[in-house]
Amino acid sequence: MKPDKILLDHGSGGAMSHQLVIQTLLPAFDNPLLSTLHDGAVIDIGNGSRLAFSTDSFVVDPIFFPGGSIGDLAVNGTVNDLAMCGAEPAYLSVGLILEEGFPFSDFERVISDMKAAALAAGVMIVTGDTKVVPKGAADKIFINTTGLGYIQPGIDVGPSRVVSGDRIILSGTMADHGMTILSRRENLSFSGPVQSDTAALNHLVKKMLQICPDIHMLRDPTRGGVGTTLNEVAGSAAFGIQIDEAHLPVKGAVAGMCELLGLDPLYVANEGKFLAFIPSNETNAVLKILQSDPLGKDAVIIGEVVADHPGQVVMKTRIGGSRMVRMLTGEQLPRIC
Amino acid sequence: MNYTNGYRDPGIAGQLADRIRRISRRKVRLMEVCGTHTVSIFRSGIRSLLPDTVTLISGPGCPVCVTDQRDMDAFIALAGFDDVIVATFGDLMRVPGTHSSLLKERAKGSDIRIVYSPLDAITIATENPYKRVVFPGVGFETTAPTIAATLNLARDRGIHNFFVYSAHKLVPPALTALMALPEIHLDGFMLPGHVSVIIGAGAYRPFVARHSIPAVIAGFEPTDILLAIAMLVEQIESGASHLENAYSRVVSEAGNPKALALLADVFEVNHAAWRGLGVIADSGLKLRKSYEAFDAEQAFDLVIPESFDPAGCACGDILTGRKLPSGCPLFGKICTPEHPVGPCMVSTEGTCAAYYRYDNDSGAF
Ligand code: SF4
């Protein structure tokens with residue numbers, strides 16, 4: 001069944017976004033690079049050299065929030081997509097769509113955040129474009145970034161490499177970004193000291209690849225959260241994924257807010273975390289490297305790839321039961337009573 | 001910090017599950033009345049710990065699901081007024097009315113805003129003095145006191161552009177109506193903890209006595225639920241049938257007098273139409289005459305097109321425990337959370353949604 005209009009759910013990062021890609025975009029643009037549905041495309045440019053190429057658009061409201069701004073997100077988001085291809089991000093382009101009337105001081109603040117984020121990630125913003133649209137045709141500022149990065153010889157990170165027995169590491173706590181945005185957007189009176197986790201992950205990924213070049217796959221669980229990302233990985237694969245509820249890391253304040261709103265942190269967005277699929281014998285070395293870095297200090301093994309229940313993500317619950325974890329279906333719309 | 005807290009202690013949960021497996025002989029069907037229980041049971045994987053003898057059936061305790069189609073259509077019709085802002089809890093957005101949903105109306109341009117508390121609706125009303133702000137009042141005895149407090153405040157502050165369409169419902173009369181239906185085979189009830197905090201354990205005594213059926217008031221953590229199941233199984237195995245309170249850390253015999261007084265001040269008991277159960281006497285709350293000025297049903301000339309339940313949807317049978325979602329031919333095939341046919345697939349507390357999300361044996365896959 002096709003809806004007759006684009007709904008917000010089509011952008012939620014969950015099942016409907018997935019359908020939009022599979023049913024409309026993929027058939028239209030059909031090619032082998034796109035059909036891998038990875039965070040970015042890996043392009044062979046001859047002599048065994050490979051580039052990763054990725055793009056992302058940012059429309060967050062509010063544009064400033066605890067822990068960052070739309071400027072940080074726009075740089076870090078694309079940097080991270082490249083890093084998830086196993087690449088070292090190098091160059092970014094920036095497309096700005098500004099709403100007439102947007103305060104210049106806010107504009108400068110966003111740009112200075114982008115500058116700082118690019119510096120921290122070690123990437124150059126080398127080309128760009130700016131458009132201004134009439135008041136109401138956009139909300140304050142929309143940013144698109146596109147990036148290029150190099151993939152070192154010997155690195156091969158991608159869905160096809162995942163095998164049963166791989167351990168799954170989550171690099172830190174879940175749901176920090178999504179709950180921060182929600183609490184600011186909705187002015188939630190009961191929100192605790194929550195802060196977005198937006199960060200560039202490329203340096204951490206590089207460290208990890210140096211000690212374990214054989215990492216099988218990397219994904220950053222942004223919109224849709226860890227639950228949706230794991231489902232995308234298991235998707236039509238010949239393996240299943242098993243995770244352990246007791247090991248899922250969530251900060252106290254975030255867990256409390258989720259509980260109050262009836263939201264599942266498994267489906268809430270992250271902007272500075274990754275999931276790494278690692279050969280089991282390399283797990284300890286990787287964990288040690290991650291935990292020694294401030295961005296990875298809460299890294300834990302949350303589960304593993306299994307031969308059972310292919311295509312499905314199953315969670316062992318804290319009380320010793322088990323249940324399915326499915327893809328997010330539509331944005332979570334909370335209730336309080 | 002962990003994902004969870006002490007009431008999810010695996011040790012205690014394991015002991016309770018063992019106890020249930022040890023004592024359970026008879027095949028029993030236990031109904032958890034409340035949607036929050038349904039979700040907690042699924043999320044914590046409780047079913048996977050129970051013996052085959054114990055079957056858990058979900059009941060009419062998802063407030064969105066039992067909302068009558070005509071009320072849903074009324075919310076949608078309200079959103080159609082040019083000068084109206086509908087301020088609603090998020091869970092009503094996707095519920096299909098006869099011809100549309102609030103989400104679709106918003107995509108078409110209606111001003112519909114998700115709020116997290118009815119107080120936010122008052123703020124919207126104050127900020128938009130030339131608009132009329134309507135709050136769809138959906139919920140049980142748990143939600144209604146907050147709405148009552150909000151109406152109280154609106155009256156004190158002299159706010160004239162805030163309205164509530166009250167479709168609030170009461171749990172005990174629904175239980176009585178449920179028992180009167182044919183083909184209901186239930187051996188015990190797990191009663192909703194949050195509702196009981198407000199109305200008190202005493203509110204169920206007449207019902208339990210009349211039907212001599214085992215009933216236990218339960219909290220929402222996995223160990224609370226396992227404890228309640230163990231108590232129900234014990235009652236059944238020993239031939240007892242009375243009311244027990246497994247949530248006494250917050251539920252008293254008389255309930256919360258403040259909340260009850262607030263309810264009595266703002267609302268009066270009225271008949272109400274329930275999806276799946278039909279019209280039940282004394283099972284709903286409508287605004288008292290003294291709050292008439294805030295009553296959306298009075299303030300608006302609502303023209304509601306003829307309402308009918310979605311074709312083929314078995315929500316009525318599911319809400320009364322007569323069918324499992326897998327017994328609905330549309331489940332998982334035509335009806336999914338992305339394209340819900342009935343409310344039970346929409347609400348986070350809906351039974352079909354819970355089976356779809358968490359259950360791997362429900363036959364849909
Ligand atoms: S699966 Fe859908 S159509 Fe069937 S009963 Fe549930 S909500 Fe109604």
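Order of the sequence lines sets the chain letters (A, B, ...), proteins ahead of strands, with each chain counted from 1.
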- Message: Can you confirm whether more than 12 heavy atoms, excluding those of A/K140, are under 6.0 Å from its NZ atom?
- Response: yes

- Task: Please name the pair of heavy atoms, one in B/R43 and one in A/T317, separated by the smallest distance, quoted to 0.1 Å.
- Result: O-CG2, 3.4 Å

- B/E338 and A/H18, any side-chain heavy atoms less than 4.5 Å apart: no

For residues 166-176 of chain A, dump all side-chain donor-acceptor pairs below 3.5 Å to protein atoms at least two apart in sequence or in another chain.
| from | atom 1 | to | atom 2 | distance (Å) |
| --- | --- | --- | --- | --- |
| A/D166 | OD1 | A/H216 | ND1 | 3.0 |
| A/D166 | OD2 | A/V163 | N | 3.2 |
| A/D166 | OD2 | A/H216 | ND1 | 2.7 |
| A/R167 | NH1 | A/G165 | O | 2.8 |
| A/R167 | NH1 | A/E304 | OE1 | 3.4 |
| A/S171 | OG | A/F274 | N | 2.9 |
| A/T173 | OG1 | A/D176 | OD2 | 2.6 |
| A/T173 | OG1 | A/K251 | NZ | 3.3 |
| A/D176 | OD1 | A/K251 | NZ | 3.3 |
| A/D176 | OD2 | A/K273 | NZ | 3.4 |

- Report the distance from atom CD of A/E259 to atom CZ of B/F220, rounding to the nearest 0.5 Å. 11.5 Å

- Query: Once you round to the nearest 0.5 Å, how far does CG of B/L103 lie from NZ of A/K5?
  - Reply: 12.0 Å

- Task: State whether the side chain of A/R323 and the backbone N or O of B/Y358 hold a donor-acceptor pair below 3.5 Å, judged by distance alone.
- Result: no

- Exercise: identify the closest heavy-atom pair between A/L7 and B/A107: CD2-CB, 4.0 Å

- Message: Does any backbone or side-chain atom of B/I147 lie under 4.5 Å from a heavy atom of chain A? Answer side chain, backbone, both or neither.
- Response: neither

- Item | Test disulfide bond (SG atoms under 2.5 Å apart) applied to B/C344 - qualifying residues, sequence neighbours left out | none

- Note on the structure: To the nearest 0.5 Å, atom CD1 of A/I319 lies from atom OG1 of B/T223 at 8.0 Å

- Item | Residue part contacting chain A, namely of B/R106, when any heavy atom lies under 4.5 Å | side chain

- Taking all heavy atoms of A/S322 and all of B/S48, pick out the closest pair and write down the distance. N-OG, 3.0 Å

